[in-house]
Amino acid sequence: MRLRFAPSPTGYLHIGSARTFIFNWLYARRHGGAMILRIDDTDIERNTEESMRSIFDGLGWLELDWDEQYRQSERLELHRRLAWTIFEKGLAYRDFTPAHAGEEAVSREGGPWLFNPGARELALEESARRAAAGEPFVLRFHVPREPARPVEFHDTVYGPQVKSTADIEDFALLRSNGMPTYHMASCADDMDLRISDVIRGQDHLSNTFKHILIFEAAGAAVPRFAHLPLLIAPDGAKLSKRRHGSVVSVTTYRDAGFLPHAYVNFLCLLGWSPKDNREVMSRQELIDAFRLEGINRSNAVVNFREQDPIDPKALWVNSEHLRNLPVAELLPRVRRVLECDGLQVPQDEAAFARTVDVIRSRFTTLNDFVTRGRAYFSDRFELAPEAAQKLNQPGARELLHELGARLSVLDDFDEQSIEAELRKLAIERNVKAGAIIHAARAALSGQPVGPSAFAVFTAVGRQRALERLRNA
RNA sequence: GGCGCUAUCGUCUAACGGUUAGGACGGAGCCCUCUCAAGGCUUAAAUACGGGUUCGAUUCCCGUUAGCGCUACCA
């Protein structure tokens, strides 16, 4: 079994493309097949190196891998050879009509454009002569239409598909600059790379009929096809950079502090279901559960809003992974965001792990560790307004100073001892323990809310905790 | 315009032709509690519309409507 993901490097890695990669990858991994990354860069006008980087960066960030890698621009001879083979079989012809000449005909008649008048009938000798004379031409597939016949295939997701050749235009195989078109290059490579299953976006569903004509003309076996429903915006439009901005780029989610796998997990839930109500799944669970039968047919909305550009479900999936991942797996990731923000990562690995474990359960993204969780890793943090309010309660500061003094002589700086000491103080001063607790949390973490205040003490560490009480 | 695809809560989705149409996110409420999360419980919220077929239709068929895709020398 051989799967491929074939992006064209004309923009950054789109979340829809990422999902397509993931479904191919899941299928390959589940069946022990090979995953192939093929860069479809035959459109030399629009390709960019930057886009290429974005694809590798994006896939790398998502921690997705592949077994083989190709670049179509390095395989042009193969594509051209196959195109001319089809020509020699009499199944393609040279069309000398200048570019765009056919467009007017379409708008005038209102009907579909099928071929340029006269081009199909051009005698072979004249065609060869004009080509030899250097006249530019496109090589077009000669779609059989008298009589027209149905082209059929079975899509694993969409079921039986049929279209009459009477409705298929004579599409181009080779451009006038000699470059193969997408259809030609893609099919030639799929044959050469022995792709067994083509899993791609539904926008290619109707193109598949053309592809089948090419496979047949080349005398090659037709792969299995499975088309994926598209990802769309809340307004029903196809996701596009121009209209929807950064929500379509995977880097947005990386920068927002998503765990790579959590985002993969979220993307999987768009258009696919394990059908057993599971949603939060590990990578292995995803591989084990993935079935093409679980893919549905209607487009999925990425539910973002103008003010809030990230789908709430994505955030939820991320927070689930964030709090349930083995801490050891989370640490390097937290370390990275801390370092990126110039924060000091604790030397003591065990203490670091405990701190992360204490605070992670109420965080939703990795970025929370340097924002809401800043006080756990740095002395330069801001006191949230609501936290300041708690500190400004009458008598609160004095109580914290006293608490600090008492805790400083404690033998064991653990949660039980701290709690005992704090409650004793509350009773002596005849105040509610909660008042001291809330003020302490505010002083230690800069936040009005958070983990158990006693856990905050140990997470922040003795030295810092006492210092913050003193300076409260 | 032509051809094709699709249609279940706001969103993601589940439901051999027989279910009080299920779950999740988000919303509302309650419980728990040192706060906030988490967790538990409760709640509002859907089969686009019209015809068939059938004892019975979310499910099968047709039509309408809507959305999307393709209709390039883009992919």
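Just so it is clear, the model here is predicted, and its values are computed rather than measured. Every chain is numbered from 1, with letters handed out A, B, ... down the list of sequences.
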* **Protein-nucleotide distance (A/L205, atom CG; B/rA75, atom P), rounded to Å** => 19 Å
* For the residue pair A/F5 and A/F21, categorise the inter-ring angle as parallel (less than 30°), tilted (30 to 60°) or perpendicular (more than 60°). => perpendicular
* Select base, sugar-phosphate, or nothing to describe what A/S8 touches, counting heavy atoms under 4.0 Å on all strands. => sugar-phosphate
* Taking atom P in both B/rU53 and B/rU47, compute the distance separating them and give it to the nearest angstrom. => 24 Å
* Asked: Using a cut-off of 4.0 Å on non-hydrogen atoms, how would the nucleic acid contact of A/V138 be classed: base, sugar-phosphate, or nothing?
  -> base
* **Watson-Crick or G-U wobble partner of B/rG26, both distances under 3.5 Å** => none
* To do: Give A/D43 one of three labels, base, sugar-phosphate or nothing, depending on what nucleic acid heavy atoms sit under 4.0 Å from its own.
  => sugar-phosphate
* **Side-chain N or O of A/T42 closer than 4.0 Å to phosphate OP1/OP2 of B/rA75** => yes
* Please check the phosphate of B/rC3 (OP1 and OP2 only) for any side-chain N or O of A/K163 closer than 4.0 Å. => no
* **d(CG, A/L213; C1', B/rU71) in whole Å** => 15 Å
* Between B/rC3 atom C1' and A/I168 atom CD1, what is the distance in whole Å? -> 9 Å
* Structure fact -> Rounded to whole Å, CG of A/D155 lies from P of B/rC70 at a distance of 16 Å
* **Mate of B/rA57 where both pairing distances stay under 3.5 Å, Watson-Crick or G-U** => none
* Contact class for A/S176 (heavy atom, under 4.0 Å): base, sugar-phosphate, or nothing? -> base
* Asked: Reckon A/E45 touches a base, only the sugar-phosphate, or nothing at all at heavy-atom distances under 4.0 Å?
  -> nothing
* To do: Under a 3.5 Å limit for both distances, which nucleotide forms a Watson-Crick or G-U wobble pair with B/rU65, could you say?
  => B/rA7
* Taking N and O atoms by type only, does the side chain of A/D276 place a donor or acceptor under 3.5 Å from a partner on the base of B/rA14? -> no
* Asked: NA contact type, A/R297, heavy-atom cut-off 4.0 Å: base, sugar-phosphate, or nothing?
  -> sugar-phosphate
* Kindly assign one of parallel, tilted or perpendicular to the pair A/F56 and A/W66, based on the angle between their ring planes and the thresholds 30° and 60°. => tilted
* To do: Have a look at A/K432 and say if it touches a base, only the backbone sugar-phosphate, or nothing, with a 4.0 Å heavy-atom cut-off.
  => nothing
* Asked: Quick one: A/Q161 CD to B/rC70 C1', roughly how many Å, whole number?
  -> 13 Å
* Which part of the nucleic acid, if any, lies within reach of A/G271 when heavy atoms closer than 4.0 Å are counted: base, sugar-phosphate only, or nothing? -> sugar-phosphate
* **Atom-to-atom span, NE2 of A/H227 to C1' of B/rC5 - whole angstrom** => 11 Å
* Quick one: is B/rU13 close enough that its OP1 or OP2 comes under 4.0 Å of any side-chain N or O from A/N296? -> yes
* Asked: Reading nucleotides 21-37 of chain B from the 5' end, what letters show protein touch, with B for base, S for backbone sugar-phosphate only, - for no heavy atom under 4.0 Å?
  -> -BBBS--------BBBB
* Taking OP1 and OP2 of B/rC73, is either one under 4.0 Å from a side-chain nitrogen or oxygen of A/R140? -> yes
* Pick the C1' atom in B/rA48 and in B/rG39, then give their distance to the nearest Å. => 38 Å
* Length of the NZ-C1' vector between A/K210 and B/rA75, whole Å -> 11 Å
* Asked: Looking at A/R46 and A/D43, does any basic side-chain N land under 4.0 Å from a carboxylate oxygen?
  -> yes
* Asked: Which residue, A/I232 or A/Q202, contacts RNA chain B at a nucleotide closer to its 5' end, judged by nearest heavy atom?
  -> A/Q202
* Provide the Watson-Crick or G-U wobble partner of B/rU19, both distances under 3.5 Å; none if there is no partner. => none
* Inter-nucleotide C1' distance (B/rU20, B/rU58), Å rounded -> 15 Å
